[in-house]
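Notes follow the structure.
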Amino acid sequence: MAKLLPLLLLLALILTVSEAHDYREALKKSLLFFEGQRSGKLPADQRLTWRGDSALRDGAAEGVDLTGGYYDAGDNVKFGFPMAFTATLLSWSVIDFGRNMGDELGEALRAVRWATDYILKATSVPETVFVQVGDAFRDHACWERPEDMDTPRSVYKVTRAHPGSDVAGESAAALAAASLVFRLRDPPYSRRLLDRAAQVFEFADKYRGAYSSSLGSAVCPFYCDFDGYKDELLWAAAWLHKASRRREYREYILRNEAILGAGENIYEFGWDNKHAGINVLISKEVLMGKADYLASFKNNANSFVCSLLPGLSTSQVQYSPGGLLVKAGGSNMQHVTSLSFLLLAYSNYLSHAGAAVQCGGAPVTPAALRRLVKRQADYILGDNPLGLSFMVGYGAKFPRRIHHRGSSIPSVRTHPSPIGCKAGTAFYLSQDPNPNLLIGAVVGGPNTTDGFPDSRPYFQQSEPTTYINAPLVGILAYLSSHAL
Ligand SMILES: *[C@@H]1O[C@H](CO)[C@@H](O)[C@H](O)[C@H]1NC(C)=O
(Lines give C-alpha, C1' and ligand atoms only; values in the text may rest on other atoms or scores of the structure.)
Protein backbone atom coordinates (compact mmCIF):
# COMPACT_ATOMS: atom_id res chain seq x y z
CA MET A 1 0.00 0.00 0.00
CA ALA A 2 2.79 2.39 0.90
CA LYS A 3 4.24 1.95 -2.56
CA LEU A 4 0.86 2.15 -4.24
CA LEU A 5 -0.19 5.39 -2.66
CA PRO A 6 2.01 7.75 -4.70
CA LEU A 7 0.77 6.02 -7.84
CA LEU A 8 -2.84 6.42 -6.78
CA LEU A 9 -2.20 10.03 -6.00
CA LEU A 10 -0.69 10.60 -9.41
CA LEU A 11 -3.71 8.94 -10.98
CA ALA A 12 -6.06 11.12 -8.97
CA LEU A 13 -4.16 14.19 -10.10
CA ILE A 14 -4.53 13.22 -13.73
CA LEU A 15 -8.11 12.00 -13.57
CA THR A 16 -9.51 14.97 -11.70
CA VAL A 17 -11.09 17.28 -14.21
CA SER A 18 -9.41 20.54 -13.52
CA GLU A 19 -11.27 23.68 -14.38
CA ALA A 20 -9.49 26.96 -14.03
CA HIS A 21 -10.58 28.48 -10.79
CA ASP A 22 -11.48 32.06 -10.11
CA TYR A 23 -9.06 32.56 -7.25
CA ARG A 24 -9.85 36.26 -7.00
CA GLU A 25 -13.50 35.42 -6.42
CA ALA A 26 -12.53 32.79 -3.86
CA LEU A 27 -10.25 35.29 -2.12
CA LYS A 28 -13.04 37.85 -1.93
CA LYS A 29 -15.35 35.23 -0.41
CA SER A 30 -12.73 33.93 2.02
CA LEU A 31 -12.59 37.45 3.48
CA LEU A 32 -16.35 37.94 3.49
CA PHE A 33 -16.54 34.94 5.82
CA PHE A 34 -14.82 36.94 8.57
CA GLU A 35 -17.69 39.45 8.52
CA GLY A 36 -20.05 36.58 9.35
CA GLN A 37 -17.94 35.72 12.41
CA ARG A 38 -17.93 39.23 13.83
CA SER A 39 -18.99 39.75 17.39
CA GLY A 40 -20.03 43.13 18.81
CA LYS A 41 -21.47 46.17 17.13
CA LEU A 42 -21.44 45.75 13.36
CA PRO A 43 -20.39 48.69 11.21
CA ALA A 44 -22.74 50.39 8.74
CA ASP A 45 -20.87 48.86 5.79
CA GLN A 46 -21.25 45.26 7.00
CA ARG A 47 -21.77 43.21 3.84
CA LEU A 48 -23.11 39.96 5.32
CA THR A 49 -26.37 41.67 6.24
CA TRP A 50 -28.17 38.68 7.72
CA ARG A 51 -26.00 39.15 10.83
CA GLY A 52 -26.81 41.73 13.52
CA ASP A 53 -25.14 43.19 16.62
CA SER A 54 -24.37 40.70 19.36
CA ALA A 55 -22.65 40.36 22.73
CA LEU A 56 -22.66 44.10 23.35
CA ARG A 57 -21.99 43.76 27.07
CA ASP A 58 -19.05 41.35 26.86
CA GLY A 59 -16.61 42.16 29.65
CA ALA A 60 -19.01 44.42 31.57
CA ALA A 61 -19.12 42.02 34.54
CA GLU A 62 -15.33 42.44 34.88
CA GLY A 63 -15.44 46.18 34.33
CA VAL A 64 -13.67 45.95 30.95
CA ASP A 65 -14.86 46.43 27.40
CA LEU A 66 -14.44 43.11 25.64
CA THR A 67 -16.88 43.69 22.82
CA GLY A 68 -15.81 42.84 19.29
CA GLY A 69 -13.54 40.12 17.99
CA TYR A 70 -14.56 36.93 16.23
CA TYR A 71 -16.56 33.85 17.13
CA ASP A 72 -14.19 30.98 16.38
CA ALA A 73 -16.51 28.71 14.43
CA GLY A 74 -20.16 27.62 14.51
CA ASP A 75 -20.78 28.62 18.13
CA ASN A 76 -20.89 31.94 19.96
CA VAL A 77 -17.89 31.79 22.26
CA LYS A 78 -14.90 34.07 21.84
CA PHE A 79 -11.90 31.81 22.35
CA GLY A 80 -8.80 33.96 22.63
CA PHE A 81 -6.23 31.29 21.76
CA PRO A 82 -7.48 30.40 18.26
CA MET A 83 -8.56 34.01 17.68
CA ALA A 84 -5.00 35.22 18.25
CA PHE A 85 -3.66 32.51 15.95
CA THR A 86 -6.18 33.59 13.32
CA ALA A 87 -4.92 37.16 13.61
CA THR A 88 -1.30 36.03 13.29
CA LEU A 89 -2.03 34.02 10.14
CA LEU A 90 -4.19 36.72 8.58
CA SER A 91 -1.32 39.13 9.21
CA TRP A 92 1.23 36.74 7.72
CA SER A 93 -1.07 36.38 4.69
CA VAL A 94 -0.98 40.16 4.22
CA ILE A 95 2.75 40.48 4.91
CA ASP A 96 3.75 37.88 2.31
CA PHE A 97 0.86 38.12 -0.17
CA GLY A 98 -0.77 41.52 0.36
CA ARG A 99 0.77 42.75 -2.89
CA ASN A 100 -1.19 40.01 -4.69
CA MET A 101 -4.55 40.98 -3.21
CA GLY A 102 -5.57 43.80 -5.52
CA ASP A 103 -8.86 45.35 -4.43
CA GLU A 104 -9.25 42.82 -1.66
CA LEU A 105 -6.30 44.20 0.30
CA GLY A 106 -8.50 46.73 2.08
CA GLU A 107 -10.85 43.96 3.20
CA ALA A 108 -7.92 41.87 4.42
CA LEU A 109 -6.67 44.81 6.49
CA ARG A 110 -10.12 45.22 8.00
CA ALA A 111 -10.22 41.51 8.84
CA VAL A 112 -6.89 41.82 10.67
CA ARG A 113 -7.93 44.97 12.49
CA TRP A 114 -11.23 43.46 13.67
CA ALA A 115 -9.13 40.90 15.52
CA THR A 116 -6.34 43.18 16.73
CA ASP A 117 -8.72 45.85 18.03
CA TYR A 118 -10.13 43.11 20.21
CA ILE A 119 -6.73 41.74 21.25
CA LEU A 120 -5.74 45.26 22.31
CA LYS A 121 -8.82 45.31 24.58
CA ALA A 122 -8.06 41.82 25.88
CA THR A 123 -4.53 42.91 26.86
CA SER A 124 -5.32 46.42 28.14
CA VAL A 125 -4.82 45.52 31.83
CA PRO A 126 -1.10 45.00 32.58
CA GLU A 127 -0.05 41.43 33.39
CA THR A 128 -3.50 40.15 32.47
CA VAL A 129 -4.88 38.64 29.30
CA PHE A 130 -8.60 38.11 28.97
CA VAL A 131 -8.59 34.83 27.12
CA GLN A 132 -12.23 33.87 26.63
CA VAL A 133 -15.71 35.30 26.80
CA GLY A 134 -18.59 32.85 27.11
CA ASP A 135 -19.20 29.70 29.14
CA ALA A 136 -18.47 27.12 26.46
CA PHE A 137 -20.50 24.29 28.03
CA ARG A 138 -23.58 26.47 28.41
CA ASP A 139 -23.12 27.90 24.92
CA HIS A 140 -22.74 24.50 23.33
CA ALA A 141 -25.89 23.26 25.09
CA CYS A 142 -27.89 25.77 23.02
CA TRP A 143 -28.45 26.18 19.30
CA GLU A 144 -28.93 29.90 19.29
CA ARG A 145 -28.19 32.91 17.08
CA PRO A 146 -25.46 35.18 18.47
CA GLU A 147 -27.97 38.04 18.36
CA ASP A 148 -30.24 36.14 20.80
CA MET A 149 -27.57 34.83 23.10
CA ASP A 150 -28.70 34.48 26.72
CA THR A 151 -26.06 32.08 28.03
CA PRO A 152 -23.48 33.32 30.58
CA ARG A 153 -20.85 35.55 29.02
CA SER A 154 -18.32 34.52 31.64
CA VAL A 155 -14.94 36.19 31.33
CA TYR A 156 -11.77 34.13 31.79
CA LYS A 157 -8.31 35.57 32.23
CA VAL A 158 -4.71 34.62 32.84
CA THR A 159 -2.67 36.53 35.39
CA ARG A 160 0.62 36.27 37.31
CA ALA A 161 -0.91 33.76 39.72
CA HIS A 162 -2.77 31.86 36.98
CA PRO A 163 -0.50 32.13 33.96
CA GLY A 164 -1.07 31.22 30.33
CA SER A 165 2.12 31.61 28.33
CA ASP A 166 0.49 29.87 25.37
CA VAL A 167 -2.39 32.26 24.87
CA ALA A 168 -0.36 35.28 25.99
CA GLY A 169 2.47 34.26 23.66
CA GLU A 170 0.13 33.84 20.73
CA SER A 171 -1.49 37.20 21.50
CA ALA A 172 1.97 38.82 21.48
CA ALA A 173 2.76 37.10 18.18
CA ALA A 174 -0.51 38.37 16.67
CA LEU A 175 0.12 41.94 17.81
CA ALA A 176 3.69 41.90 16.51
CA ALA A 177 2.69 40.40 13.15
CA ALA A 178 -0.11 42.93 12.75
CA SER A 179 2.30 45.76 13.59
CA LEU A 180 4.15 44.80 10.40
CA VAL A 181 0.90 44.88 8.44
CA PHE A 182 0.19 48.44 9.57
CA ARG A 183 3.76 49.75 9.73
CA LEU A 184 3.44 51.98 6.67
CA ARG A 185 -0.35 52.06 6.42
CA ASP A 186 -1.09 53.37 9.92
CA PRO A 187 2.15 54.06 11.83
CA PRO A 188 0.57 55.12 15.16
CA TYR A 189 -1.58 51.98 15.25
CA SER A 190 1.42 49.88 14.31
CA ARG A 191 3.48 51.34 17.17
CA ARG A 192 0.66 50.66 19.61
CA LEU A 193 0.49 47.06 18.46
CA LEU A 194 4.23 46.56 18.74
CA ASP A 195 4.51 48.17 22.19
CA ARG A 196 1.69 46.01 23.46
CA ALA A 197 3.22 42.91 21.88
CA ALA A 198 6.43 43.54 23.81
CA GLN A 199 4.56 43.95 27.11
CA VAL A 200 2.42 40.87 26.61
CA PHE A 201 5.45 38.80 25.63
CA GLU A 202 7.28 39.87 28.78
CA PHE A 203 4.30 38.77 30.86
CA ALA A 204 4.05 35.46 28.97
CA ASP A 205 7.73 34.71 29.47
CA LYS A 206 8.03 35.84 33.09
CA TYR A 207 5.00 33.99 34.45
CA ARG A 208 5.14 30.64 32.77
CA GLY A 209 2.45 28.05 32.54
CA ALA A 210 -0.21 26.54 30.31
CA TYR A 211 -3.60 28.19 30.43
CA SER A 212 -5.25 24.78 30.53
CA SER A 213 -3.66 24.25 33.94
CA SER A 214 -4.82 27.64 35.16
CA LEU A 215 -8.34 27.55 33.75
CA GLY A 216 -9.11 23.84 33.39
CA SER A 217 -12.60 23.06 32.22
CA ALA A 218 -13.30 26.64 31.14
CA VAL A 219 -11.04 26.11 28.13
CA CYS A 220 -10.80 22.31 27.93
CA PRO A 221 -11.72 20.25 26.04
CA PHE A 222 -12.47 23.10 23.61
CA TYR A 223 -9.11 24.77 23.00
CA CYS A 224 -7.02 22.90 25.48
CA ASP A 225 -3.30 23.50 25.22
CA PHE A 226 -2.13 19.97 24.46
CA ASP A 227 1.25 20.94 23.08
CA GLY A 228 2.55 23.13 25.91
CA TYR A 229 3.47 26.81 25.89
CA LYS A 230 7.13 26.73 24.89
CA ASP A 231 6.42 26.95 21.19
CA GLU A 232 4.33 30.10 21.64
CA LEU A 233 7.21 31.79 23.49
CA LEU A 234 9.60 31.11 20.61
CA TRP A 235 6.92 32.02 18.06
CA ALA A 236 6.24 35.34 19.78
CA ALA A 237 9.95 36.10 20.02
CA ALA A 238 10.36 35.33 16.31
CA TRP A 239 7.55 37.72 15.36
CA LEU A 240 8.81 40.38 17.75
CA HIS A 241 12.24 40.08 16.22
CA LYS A 242 10.86 40.38 12.72
CA ALA A 243 8.75 43.40 13.70
CA SER A 244 11.23 45.27 15.89
CA ARG A 245 14.65 44.04 14.72
CA ARG A 246 15.71 44.33 18.34
CA ARG A 247 18.71 42.31 19.44
CA GLU A 248 17.08 41.15 22.65
CA TYR A 249 14.66 38.97 20.69
CA ARG A 250 17.35 37.49 18.52
CA GLU A 251 19.32 36.66 21.64
CA TYR A 252 16.22 35.23 23.27
CA ILE A 253 15.75 32.89 20.31
CA LEU A 254 19.36 31.77 20.36
CA ARG A 255 19.43 31.32 24.13
CA ASN A 256 16.15 29.37 24.20
CA GLU A 257 16.26 27.45 20.95
CA ALA A 258 17.04 24.14 22.66
CA ILE A 259 15.35 24.91 25.98
CA LEU A 260 12.06 25.72 24.28
CA GLY A 261 12.30 22.77 21.92
CA ALA A 262 12.59 24.41 18.50
CA GLY A 263 13.51 21.04 16.99
CA GLU A 264 10.57 19.10 18.46
CA ASN A 265 7.26 18.33 16.76
CA ILE A 266 8.51 20.03 13.64
CA TYR A 267 5.84 18.55 11.38
CA GLU A 268 2.96 20.29 13.13
CA PHE A 269 1.33 23.68 12.69
CA GLY A 270 -2.01 24.95 13.91
CA TRP A 271 -3.68 26.94 16.69
CA ASP A 272 -2.01 24.75 19.33
CA ASN A 273 1.34 23.88 17.79
CA LYS A 274 3.56 26.50 16.19
CA HIS A 275 6.72 24.50 15.52
CA ALA A 276 6.70 24.28 11.74
CA GLY A 277 5.69 27.93 11.58
CA ILE A 278 8.58 29.04 13.77
CA ASN A 279 11.07 27.19 11.59
CA VAL A 280 9.68 28.53 8.31
CA LEU A 281 9.44 32.09 9.62
CA ILE A 282 13.01 32.17 10.91
CA SER A 283 14.35 30.38 7.83
CA LYS A 284 13.58 33.38 5.70
CA GLU A 285 16.38 35.26 7.38
CA VAL A 286 18.73 32.32 7.06
CA LEU A 287 17.96 32.03 3.35
CA MET A 288 18.53 35.74 2.91
CA GLY A 289 22.01 35.18 4.31
CA LYS A 290 21.34 37.38 7.32
CA ALA A 291 21.40 34.81 10.05
CA ASP A 292 23.68 31.82 9.56
CA TYR A 293 23.66 31.29 13.29
CA LEU A 294 20.00 30.24 12.96
CA ALA A 295 20.74 27.55 10.35
CA SER A 296 19.20 24.80 12.48
CA PHE A 297 15.79 26.39 11.93
CA LYS A 298 16.27 26.04 8.20
CA ASN A 299 17.22 22.38 8.60
CA ASN A 300 14.02 21.84 10.54
CA ALA A 301 11.99 23.69 7.91
CA ASN A 302 13.52 21.52 5.18
CA SER A 303 12.59 18.35 7.08
CA PHE A 304 9.07 19.68 7.47
CA VAL A 305 8.73 20.37 3.75
CA CYS A 306 10.11 16.94 2.85
CA SER A 307 7.58 15.31 5.19
CA LEU A 308 4.67 16.74 3.20
CA LEU A 309 5.66 15.72 -0.30
CA PRO A 310 4.07 12.49 -1.45
CA GLY A 311 6.14 9.75 -3.01
CA LEU A 312 9.45 10.51 -1.31
CA SER A 313 11.31 8.41 1.23
CA THR A 314 10.90 11.36 3.61
CA SER A 315 7.08 11.50 3.35
CA GLN A 316 5.25 11.54 6.66
CA VAL A 317 1.67 12.50 5.82
CA GLN A 318 -1.16 10.70 4.10
CA TYR A 319 -3.23 11.84 1.17
CA SER A 320 -6.81 10.84 0.45
CA PRO A 321 -7.41 8.88 -2.78
CA GLY A 322 -8.62 12.16 -4.30
CA GLY A 323 -5.41 13.95 -3.36
CA LEU A 324 -6.20 15.89 -0.17
CA LEU A 325 -3.63 16.03 2.59
CA VAL A 326 -4.92 14.12 5.61
CA LYS A 327 -3.73 14.40 9.19
CA ALA A 328 -5.08 12.86 12.37
CA GLY A 329 -7.43 14.91 14.49
CA GLY A 330 -10.67 16.74 13.85
CA SER A 331 -11.34 19.35 11.22
CA ASN A 332 -8.81 18.18 8.66
CA MET A 333 -9.08 21.30 6.52
CA GLN A 334 -7.29 23.35 9.17
CA HIS A 335 -4.21 21.21 8.53
CA VAL A 336 -4.60 21.48 4.78
CA THR A 337 -4.69 25.27 4.75
CA SER A 338 -2.12 25.98 7.45
CA LEU A 339 0.46 23.49 6.17
CA SER A 340 -0.10 24.61 2.58
CA PHE A 341 0.43 28.20 3.66
CA LEU A 342 3.81 27.32 5.13
CA LEU A 343 4.77 25.44 1.96
CA LEU A 344 3.87 28.43 -0.17
CA ALA A 345 5.65 30.95 2.04
CA TYR A 346 8.73 28.74 2.16
CA SER A 347 8.73 28.18 -1.60
CA ASN A 348 8.92 31.93 -2.05
CA TYR A 349 11.77 32.30 0.44
CA LEU A 350 13.61 29.55 -1.42
CA SER A 351 12.95 31.17 -4.81
CA HIS A 352 14.27 34.53 -3.67
CA ALA A 353 17.41 32.84 -2.44
CA GLY A 354 17.75 30.73 -5.59
CA ALA A 355 17.66 27.66 -3.37
CA ALA A 356 16.02 24.23 -3.45
CA VAL A 357 15.48 21.53 -0.84
CA GLN A 358 17.06 18.10 -0.74
CA CYS A 359 14.62 15.45 0.44
CA GLY A 360 16.49 12.23 1.15
CA GLY A 361 18.86 13.09 -1.69
CA ALA A 362 16.10 14.07 -4.12
CA PRO A 363 16.13 17.74 -5.10
CA VAL A 364 12.78 19.49 -4.70
CA THR A 365 12.24 22.83 -6.37
CA PRO A 366 10.14 25.71 -5.07
CA ALA A 367 7.88 25.20 -8.11
CA ALA A 368 7.13 21.65 -6.97
CA LEU A 369 6.06 22.98 -3.58
CA ARG A 370 3.77 25.51 -5.22
CA ARG A 371 2.16 22.84 -7.38
CA LEU A 372 1.28 20.87 -4.27
CA VAL A 373 -0.24 23.98 -2.71
CA LYS A 374 -2.26 24.71 -5.83
CA ARG A 375 -3.50 21.11 -5.87
CA GLN A 376 -4.75 21.48 -2.29
CA ALA A 377 -6.47 24.80 -3.03
CA ASP A 378 -8.07 23.34 -6.17
CA TYR A 379 -9.34 20.37 -4.19
CA ILE A 380 -10.98 22.77 -1.73
CA LEU A 381 -12.58 24.69 -4.58
CA GLY A 382 -14.09 21.63 -6.26
CA ASP A 383 -11.47 19.49 -8.02
CA ASN A 384 -12.25 16.38 -5.99
CA PRO A 385 -14.16 13.12 -6.46
CA LEU A 386 -17.43 14.69 -5.28
CA GLY A 387 -17.03 17.71 -7.54
CA LEU A 388 -17.96 19.71 -4.45
CA SER A 389 -16.49 23.01 -3.41
CA PHE A 390 -15.80 23.06 0.32
CA MET A 391 -16.19 26.84 0.35
CA VAL A 392 -19.75 28.04 0.89
CA GLY A 393 -20.97 30.18 -1.99
CA TYR A 394 -18.15 29.22 -4.38
CA GLY A 395 -18.95 27.00 -7.37
CA ALA A 396 -22.19 25.25 -8.29
CA LYS A 397 -22.10 22.66 -5.50
CA PHE A 398 -21.06 23.49 -1.95
CA PRO A 399 -22.01 22.50 1.64
CA ARG A 400 -25.58 23.52 2.46
CA ARG A 401 -25.93 22.32 6.04
CA ILE A 402 -22.88 23.72 7.74
CA HIS A 403 -22.56 23.39 11.51
CA HIS A 404 -23.07 27.05 12.30
CA ARG A 405 -25.75 28.47 14.55
CA GLY A 406 -26.20 31.81 12.84
CA SER A 407 -26.20 30.39 9.33
CA SER A 408 -28.71 27.63 10.12
CA ILE A 409 -31.36 29.65 12.00
CA PRO A 410 -33.49 32.26 10.22
CA SER A 411 -31.87 35.69 10.31
CA VAL A 412 -32.85 38.42 12.76
CA ARG A 413 -33.76 40.44 9.65
CA THR A 414 -36.49 38.01 8.53
CA HIS A 415 -37.36 36.65 11.96
CA PRO A 416 -36.78 39.43 14.51
CA SER A 417 -38.37 37.80 17.55
CA PRO A 418 -35.97 35.78 19.71
CA ILE A 419 -35.44 32.07 19.13
CA GLY A 420 -34.47 30.53 22.47
CA CYS A 421 -31.75 28.10 23.45
CA LYS A 422 -33.70 24.92 22.79
CA ALA A 423 -36.00 26.36 20.11
CA GLY A 424 -33.02 26.32 17.75
CA THR A 425 -32.74 22.53 17.92
CA ALA A 426 -35.38 22.13 15.20
CA PHE A 427 -33.13 24.03 12.81
CA TYR A 428 -30.10 22.00 13.84
CA LEU A 429 -31.90 18.70 13.13
CA SER A 430 -33.65 19.86 9.96
CA GLN A 431 -32.65 18.36 6.62
CA ASP A 432 -33.27 21.73 4.95
CA PRO A 433 -30.37 23.79 3.67
CA ASN A 434 -29.24 26.63 5.94
CA PRO A 435 -31.31 29.78 5.29
CA ASN A 436 -28.31 32.16 5.52
CA LEU A 437 -25.25 31.67 3.34
CA LEU A 438 -22.05 32.16 5.30
CA ILE A 439 -20.26 33.04 2.11
CA GLY A 440 -16.62 32.04 2.00
CA ALA A 441 -16.77 29.66 4.95
CA VAL A 442 -14.53 26.64 4.39
CA VAL A 443 -15.71 23.64 6.40
CA GLY A 444 -13.77 20.90 8.20
CA GLY A 445 -13.89 18.90 4.97
CA PRO A 446 -14.14 15.36 3.68
CA ASN A 447 -13.14 12.19 5.47
CA THR A 448 -10.05 10.16 4.62
CA THR A 449 -11.78 8.62 1.60
CA ASP A 450 -13.13 11.91 0.19
CA GLY A 451 -16.66 11.39 1.55
CA PHE A 452 -18.70 14.29 2.90
CA PRO A 453 -22.13 13.91 4.50
CA ASP A 454 -23.14 17.63 4.41
CA SER A 455 -24.83 17.26 7.76
CA ARG A 456 -24.79 19.61 10.78
CA PRO A 457 -24.23 16.92 13.43
CA TYR A 458 -20.98 15.89 11.71
CA PHE A 459 -19.28 18.97 13.09
CA GLN A 460 -15.73 17.82 12.39
CA GLN A 461 -16.63 17.88 8.72
CA SER A 462 -19.28 20.57 8.45
CA GLU A 463 -18.06 23.29 10.80
CA PRO A 464 -16.09 26.27 9.49
CA THR A 465 -13.44 27.99 11.63
CA THR A 466 -11.55 31.25 11.38
CA TYR A 467 -8.21 29.42 11.43
CA ILE A 468 -9.13 27.35 8.38
CA ASN A 469 -9.70 30.55 6.40
CA ALA A 470 -6.90 32.77 7.72
CA PRO A 471 -4.02 30.97 5.94
CA LEU A 472 -6.20 30.31 2.89
CA VAL A 473 -6.47 34.07 2.38
CA GLY A 474 -2.74 34.23 1.60
CA ILE A 475 -2.81 31.16 -0.62
CA LEU A 476 -5.72 32.45 -2.71
CA ALA A 477 -4.08 35.86 -3.03
CA TYR A 478 -0.96 34.24 -4.43
CA LEU A 479 -2.85 31.96 -6.83
CA SER A 480 -5.00 34.86 -8.04
CA SER A 481 -1.98 36.60 -9.47
CA HIS A 482 0.36 33.79 -10.51
CA ALA A 483 -0.21 31.23 -13.24
CA LEU A 484 1.34 27.94 -12.15
C1 LIG B 1 -16.52 8.70 4.30
O2 LIG B 1 -17.80 9.23 4.04
C3 LIG B 1 -18.59 8.45 3.18
C4 LIG B 1 -19.88 9.23 2.87
O5 LIG B 1 -20.36 9.92 3.99
C6 LIG B 1 -18.85 7.08 3.81
O7 LIG B 1 -19.63 6.28 2.97
C8 LIG B 1 -17.49 6.43 4.10
O9 LIG B 1 -17.70 5.21 4.77
C10 LIG B 1 -16.62 7.33 4.95
N11 LIG B 1 -15.29 6.75 5.06
C12 LIG B 1 -14.65 6.68 6.21
C13 LIG B 1 -13.28 6.11 6.16
O14 LIG B 1 -15.11 7.07 7.26
Side-chain angles (χ1 to χ4, degrees), residues 79-89 92 119 123 127 129 131 158-177 197-216 219-221 223-244 246 248-283 285-286 291 293-301 303-304 307 329 335 338-339 342 467:
F79 291 105
F81 195 22
M83 200 201 304
F85 178 67
T86 297
T88 309
L89 267 286
W92 200 353
I119 298 171
T123 55
E127 302 199 317
V129 180
V131 299
V158 295
T159 58
R160 290 157 68 148
H162 300 280
S165 305
D166 33 33
V167 59
E170 186 64 60
S171 300
L175 293 164
Q199 285 169 29
V200 175
F201 174 69
E202 198 182 323
F203 164 65
D205 189 44
K206 199 159 152 195
Y207 304 99
R208 290 194 184 187
Y211 89 140
S212 311
S213 309
S214 299
L215 293 167
V219 299
C220 294
Y223 288 98
C224 220
D225 176 6
F226 299 102
D227 179 58
Y229 59 81
K230 294 188 211 161
D231 53 335
E232 278 85 16
L233 291 176
L234 267 181
W235 176 237
W239 277 109
L240 273 157
H241 182 243
K242 191 171 160 75
S244 72
R246 283 172 61 177
E248 64 177 281
Y249 298 116
R250 187 181 74 206
E251 284 167 359
Y252 181 95
I253 293 166
L254 278 171
R255 201 166 59 241
N256 288 289
E257 179 184 345
I259 302 166
L260 295 178
E264 296 163 17
N265 287 323
I266 59 171
Y267 304 132
E268 304 296 327
F269 187 53
W271 59 262
D272 185 22
N273 187 320
K274 312 298 145 59
H275 282 100
I278 295 165
N279 288 313
V280 168
L281 184 67
I282 293 179
S283 292
E285 300 191 33
V286 182
Y293 49 88
L294 296 172
S296 58
F297 289 90
K298 188 175 77 115
N299 296 337
N300 293 338
S303 300
F304 160 71
S307 79
H335 304 302
S338 56
L339 298 175
L342 292 185
Y467 45 90

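Along the sequence shown, the residues carry numbers beginning at 1. This structure is a prediction, so every number in the text was calculated from the model and none was measured.
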Spatial distance of atom [atom1] ([X]) from atom [atom2] ([Y]) [nearest 0.5 Å]:
X	Y	atom1	atom2	answer
Ile278	Leu234	CD1	CG	5.0 Å
His335	Glu268	NE2	CD	7.5 Å
Arg250	Ser244	CZ	OG	11.0 Å

What residues, two or more places apart in sequence or in another chain, satisfy side-chain hydrogen bond (donor to acceptor under 3.5 Å, both in side chains) together with [X]?
X	answer
Tyr207	Arg160
Asn265	Asp227
Thr123	Arg196

Residues at least two apart in sequence or cross-chain that pass salt bridge (Lys or Arg N to Asp or Glu O under 4.0 Å) with Glu251, listed by chain then number, are Arg247
Those residues at least two apart in sequence (or on a different chain) that pass salt bridge (Lys or Arg N to Asp or Glu O under 4.0 Å) with Glu248 are Arg246
For [X] and [Y], which heavy atoms make the closest approach, and how far apart are they?
X	Y	result
Ser171	Val129	OG-CG1, 4.2 Å
Ala87	Ile119	CB-CD1, 3.9 Å
Gly277	Trp92	O-CH2, 3.9 Å
Ala238	Ile253	CA-CD1, 3.8 Å
Ala237	Tyr249	O-CB, 3.8 Å
Ala236	Gly169	CB-O, 3.4 Å

Sorted by chain and number, sequence neighbours left out, ring pair (Phe, Tyr, Trp, His ring centres under 6.0 Å) with Tyr267 holds for none
What pairs of donor and acceptor atoms, side-chain ones from residues 208-215 against any protein atom, are under 3.5 angstrom apart with sequence neighbours left out?
unit_1	atom_1	unit_2	atom_2	d
Arg208	NE	Asp205	O	3.1
Arg208	NE	Asp205	OD1	3.3
Arg208	NH2	Asp205	OD1	2.6
Tyr211	OH	Tyr223	O	2.4
Ser212	OG	Asp225	N	2.7
Ser214	OG	Pro163	O	2.6

Results of side chain to side chain contact (heavy atoms under 4.5 Å, CB included) for [X] - residues two or more places apart only:
X	answer
Ser296	Glu257
Ala276	Phe269, Phe304, Leu342
Ala197	Leu175, Ala176, Leu240
Ile266	Asn279, Asn300, Ser303

### Message
Checking the side chain of Thr159 only, and the main-chain atoms of His162 only, is there a donor and an acceptor separated by less than 3.5 Å?
### Response
yes
Taking His275 for the side chain and Gly261 for the main chain, is one N or O donor matched with an acceptor at less than 3.5 Å?
-> yes
ring-ring contact (aromatic ring centres under 6.0 Å, His included) with Trp271: of Phe81, Trp235, Phe85, only one passes, and it is Phe81
Residues 162-177 vs salt bridge (Lys or Arg N to Asp or Glu O under 4.0 Å), sequence neighbours excluded, gives Glu170-Lys274
### Derivation of the side-chain contact (heavy atoms from CB on, under 4.5 Å) call for Trp239 and Phe201
CA-CA 11 Å; Trp239 277 109; Phe201 174 69; over 6 Å; no
